[in-house]
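Note sheet for the following structure.
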Amino acid sequence: SPLLQSVGHLGHAYQEWVHQPISEKHTPRFFQSDFLEFFTRTPWWVVPLVWLPVVAWNGMLSIQRGSSLQKAATLMVVGVLEWTLLEYTLHRFLFHIKTASYWGNTLHYLLHGCHHKHPMDGYRLVFPPAGTAILALPFWELVRLLFPYEAAPAAFGGGLFGYVMYDVTHYYLHHG
């Protein structure tokens, strides 16, 4: 039976269960639906393949909007630093939150707990592009509010570049 359906029912026992890793390199099934299951498994190389062109496009868009090459590059570095702060904050305050409710356990497992339970699962160490795209939209809106018109794409692209570097480094630390 799909694992995600039973995780929520663990209640208070979830915290102990999720932090007892299974070190085998197998990929557990999360969903009964093949369609949903497809969106939970991502080979590491898909992340740079999908997102590095978006990073480059955002850098070029800032230049087309009037930023100099130096300013766009600086903004991309700022974006990498933004990503670093965001990743730390998410990891510290969301990914390691204590849950006990059905939906809390289920969402925690789906977002991060599966990584603790199955740390050698090579298809769930990087975040799926569909999920990244959904989560990136509010961050794009925030960057648009915080940066001028010509600067926003480079700052956003830098953040996305930071994410790509984080995800591939994370994968390598487990499987390199």
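Only heavy atoms go into these numbers, but all of them, side chains included; no hydrogens, no water, no symmetry mates.
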Self-check item: Cluster check Trp83, Leu85: I/L/V/M/F/W/Y, side chain < 4.5 angstrom
Solution: no

Practice problem: Could you check if a side-chain atom of Thr99 sits within less than 4.5 angstrom of a side-chain atom of Gln15, using non-hydrogen atoms only? | Solution: yes

Practice problem: Compute the ring centroids of Phe156 and Trp57, then answer whether they are less than 6.0 Å apart. | Solution: no

Practice problem: Identify the residue among His115, His112, His108 that makes a ring-ring contact (aromatic ring centres under 6.0 Å, His included) with His96. | Solution: His112

Quiz prompt | Beyond-backbone contact of Phe147 with Val78, side-chain heavy atoms, under 4.5 angstrom | solution = yes

Quiz prompt | Note, Tyr14 side chain near Tyr109 side chain (heavy atom, < 4.5 Å) | solution = yes

Exercise. Please examine the side chains of Thr106 and Leu4, heavy atoms only from C-beta on, and report whether any two atoms are closer than 4.5 Å.
Key: yes

Practice problem: Indicate, with yes or no, if Tyr166 and Leu94 share a hydrophobic cluster defined by side-chain heavy-atom contacts under 4.5 Å among Ile, Leu, Val, Met, Phe, Trp and Tyr. | Solution: yes

Practice problem: May I ask whether Val18 and Met120 are part of the same hydrophobic cluster, defined by side-chain heavy atoms of I, L, V, M, F, W, Y residues being less than 4.5 angstrom apart, directly or through others? | Solution: no

Quiz item: Do any N or O atoms from the side chain of Ser62 and from the backbone of Glu150 form a donor-acceptor pair under 3.5 angstrom?
Solution: yes

Practice problem: Answer yes when Arg124 and Glu37 have at least one side-chain N-carboxylate O distance shorter than 4.0 Å, and no when they do not. | Solution: yes

Quiz item: Counting heavy atoms not belonging to His26, are there more than 12 under 6.0 Å from its NE2?
Solution: yes

Quiz item: Given Phe127, which of Leu135, Thr42, Val47 fulfils the side-chain contact (heavy atoms from CB on, under 4.5 Å) condition?
Solution: Leu135

Quiz prompt | Phe31 ring center near Phe35 ring center (under 6.0 Å) | solution = no

Practice problem: Applying ring-ring contact (aromatic ring centres under 6.0 Å, His included) between His91 and each of Tyr88, Phe93, Phe95, report the one that passes. | Solution: Phe95

Quiz item: Hey, does the Lys NZ or Arg CZ of Arg41 hover above the aromatic six-ring of Phe30, less than 6.0 Å from the centre and inside 45° of the axis?
Solution: no

Quiz prompt | His175 ring center within less than 6.0 Å of His170 ring center | solution = no

